[in-house]
There are 2 protein chains.
Amino acid sequence: MRKDGIATREKILDGARDLVLRLGYSGMKIDHVLEHVGITKGAFFHHFKTKEDLAKALLRRYADQDAQIYAETRAQAEKLSDDPLQQMLIFIRLFEDMFNGMTEPYPGCLLASYVYELQQFDDETRGLLHDTFARWRALLQEKFELIVKQHPPKTPVSPAQLADGFTVVLEGAFILAKAMNDARMAGEQLRLYRNHIELLFDVPAQGRAAA
Amino acid sequence: MRKDGIATREKILDGARDLVLRLGYSGMKIDHVLEHVGITKGAFFHHFKTKEDLAKALLRRYADQDAQIYAETRAQAEKLSDDPLQQMLIFIRLFEDMFNGMTEPYPGCLLASYVYELQQFDDETRGLLHDTFARWRALLQEKFELIVKQHPPKTPVSPAQLADGFTVVLEGAFILAKAMNDARMAGEQLRLYRNHIELLFDVPAQGRAAA
DNA sequence: GCCTAAACAGACCAAACGGTCCGGAAATAT
DNA sequence: ATATTTCCGGACCGTTTGGTCTGTTTAGGC
């Protein structure tokens, strides 16, 4: 058994992801995916019971990949400094670099794509979306709580709201990047977000030393 | 002539807008709109030639309404202060109040809804989206350029990027608000954005005096 | 080498969907 | 009052779309 089933399954997921990011979930038609990937209906419905089944698999995979990138970047930042504030600044800057290195297929978030068609999905999918965003918040919030303890902010702030700010900036930047056809948006706006953190915790202005 | 055609036309636009914000453009089916609004096919296609025709009308109306709210808020801010920096802070705070007063139907931006299905639309619609976001940037950028002249920023900044920051935060907050089912998101994140501006231009921390 | 099950191809189907058409009511112009 | 035009109801139509079904190929297990 197992000819190369997982390979085509991944191809389907990749193709579907591309189309969802361009056309939205409802706009992504199965026939279009078949043509895009170069397979037939039989193959598709062998791997996925329904379109909604694909939607969930797509979302789970995206959330997992995202969590991994996130964890790696975080680990890298924590290796480069012991100070939570510096870790956070490095973390943000690593994301900036990531997006500045990108081009053409303007970044977009599959989660956001789902959110704007939220009522199409069942409770399980909506719950998954909620939990994914909640996890991002929790991880960053934890870090900001450490930061606040060691570095008195110039203004009283909520670690949770600061944590959400990162995601908010990213998601918002993706939208503007697509609408304005400008891939630099994500990196620029993350830099602005970092600037906010630096001002808030009174980090002395320094030239860009990293990388 | 003119029984009450414009009234039903508006009803259709309102209903379609609601559905687009919940289901996305492709997810918004005409039959569903008919049921939601309480009319028939004949009525719909009397007012709109095609679904795409509706999409454009919807977008134009939304952009116009948005521009109006924007202009009114700006005028109000300019009436309350002569200093461009204070005007900007008041402007942001007025938006905060607007969103803090909202409840249930979590705010969402029709433009963003379109952006995540961008490839569905023709060049005209894409151009309209681009121009609308460009207008927002231009108006805020103009203000930030005045601000920078009168108030030296603690860090070198780009007025255009600062202007985009406002839209970015709004759009991003809408997404998180929907996903997390938390209507307070928009107001909170705008407050954070305002905090950034205050820190950047060294505004002394003051209690909330306005309104 | 043969059996079994996964991995696909592709015709087929029912429902949904966007759009058309025509008849009739309702309002206005003359 | 009557003609005319806007406005709308609702049956109808062709295509698209998600999904099914049957048959065929391919890759291991023994």
Side-chain angles (χ1 to χ4, degrees), chain A residues 1-59 61 113-114 117-122 124-125, chain B residues 1-59 61 113-114 116-117 119-122 124-125:
Chain A
M1 58 190 79
R2 177 129 323 163
K3 187 166 58 177
D4 208 3
I6 24 176
T8 47
R9 192 189 143 94
E10 288 297 308
K11 275 200 329 187
I12 294 173
L13 286 170
D14 286 343
R17 166 177 44 81
D18 293 348
L19 292 179
V20 168
L21 285 175
R22 287 186 216 154
L23 305 162
Y25 171 71
S26 292
M28 180 267 290
K29 313 294 184 185
I30 294 182
D31 286 357
H32 199 170
V33 175
L34 303 184
E35 191 187 5
H36 186 67
V37 176
I39 57 171
T40 62
K41 220 141 223 191
F44 180 90
F45 281 100
H46 171 73
H47 289 284
F48 301 98
K49 237 175 66 185
T50 66
K51 190 186 177 186
E52 204 178 339
D53 186 27
L54 167 68
K56 287 181 186 176
L58 212 53
L59 182 53
R61 195 183 69 144
S113 183
Y114 278 47
E117 303 180 51
L118 205 58
Q119 301 303 322
Q120 301 251 340
F121 304 102
D122 58 13
E124 185 192 349
T125 304
Chain B
M1 58 188 82
R2 177 124 329 157
K3 187 166 56 178
D4 208 4
I6 24 176
T8 47
R9 192 189 143 95
E10 288 296 309
K11 276 201 327 189
I12 294 173
L13 287 170
D14 286 342
R17 166 177 44 80
D18 293 347
L19 292 179
V20 168
L21 286 175
R22 286 187 217 156
L23 305 162
Y25 171 71
S26 292
M28 180 267 291
K29 314 293 184 185
I30 295 182
D31 286 357
H32 200 170
V33 175
L34 303 183
E35 192 187 4
H36 186 66
V37 177
I39 57 171
T40 61
K41 220 143 223 191
F44 180 90
F45 283 100
H46 171 72
H47 289 285
F48 301 98
K49 237 174 65 185
T50 66
K51 190 187 178 185
E52 204 178 338
D53 187 27
L54 167 69
K56 287 181 187 177
L58 212 52
L59 183 54
R61 194 183 71 145
S113 183
Y114 278 47
Y116 262 99
E117 303 180 52
Q119 301 302 322
Q120 301 251 340
F121 304 102
D122 60 12
E124 186 192 348
T125 304

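By convention in this document, chain letters (A, B, ...) are assigned in the order of the sequence lines, proteins followed by strands, and residues within each chain are numbered from 1.
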Tell me which nucleotide among [options] gets nearest to the side chain of [X].
X       : options               : value
B:Thr40 : C:dC8, D:dG9, D:dT6   : D:dG9
A:Ile39 : D:dC8, D:dT17, C:dA9  : C:dA9
B:Phe45 : C:dT20, D:dG18, D:dC8 : C:dT20
A:His46 : C:dC8, D:dG19, D:dT17 : C:dC8

Write down the distance between [atom1] ([X]) and [atom2] ([N]), rounded to a whole number of angstrom.
X       : N      : atom1 : atom2 : value
A:Ile12 : C:dC8  : CD1   : P     : 8 Å
B:Phe48 : D:dC7  : CZ    : C1'   : 14 Å
A:Asp31 : C:dG10 : CG    : C1'   : 12 Å
A:Lys51 : D:dT16 : NZ    : C1'   : 12 Å
B:Asp53 : C:dG18 : CG    : P     : 14 Å
A:Ile30 : C:dC12 : CD1   : P     : 20 Å
A:His47 : C:dA5  : NE2   : C1'   : 14 Å
A:Phe44 : C:dG10 : CZ    : P     : 17 Å

Nearest-nucleotide 5' precedence on DNA chain D, A:Tyr25 against A:Gly42: A:Tyr25
B:Ile39/B:His46 under side chain to side chain contact (heavy atoms under 4.5 Å, CB included): CA gap, chis, key distance, verdict: CA-CA 11 Å; B:Ile39 57 171; B:His46 171 72; over 6 Å; no
Sugar-phosphate, base or nothing in reach of B:Lys41, heavy atoms under 4.0 Å: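 B:Lys41: base contact, heavy atoms under 4.0 Å.
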A:Lys29 (side chain) donor-acceptor with A:Ser26 (main chain) under 3.5 angstrom: yes
Close side-chain approach of B:Ile12 to B:Arg9, heavy-atom, < 4.5 Å: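 Side-chain contact under 4.5 Å: no.
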Residue pair A:Thr125 / A:Asp122, side-chain donor-acceptor N/O under 3.5 Å: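 A donor-acceptor contact under 3.5 Å links the two side chains.
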Side-chain N or O of B:Thr8 closer than 4.0 Å to phosphate OP1/OP2 of D:dC7: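 Answer no for this pair, as no side-chain N or O of B:Thr8 is under 4.0 Å from OP1 or OP2.
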Donor/acceptor link under 3.5 angstrom from B:Lys49 side chain onto base of C:dG19: no
Presence of salt bridge, A:Asp14 and A:Arg17, under 4.0 angstrom: yes
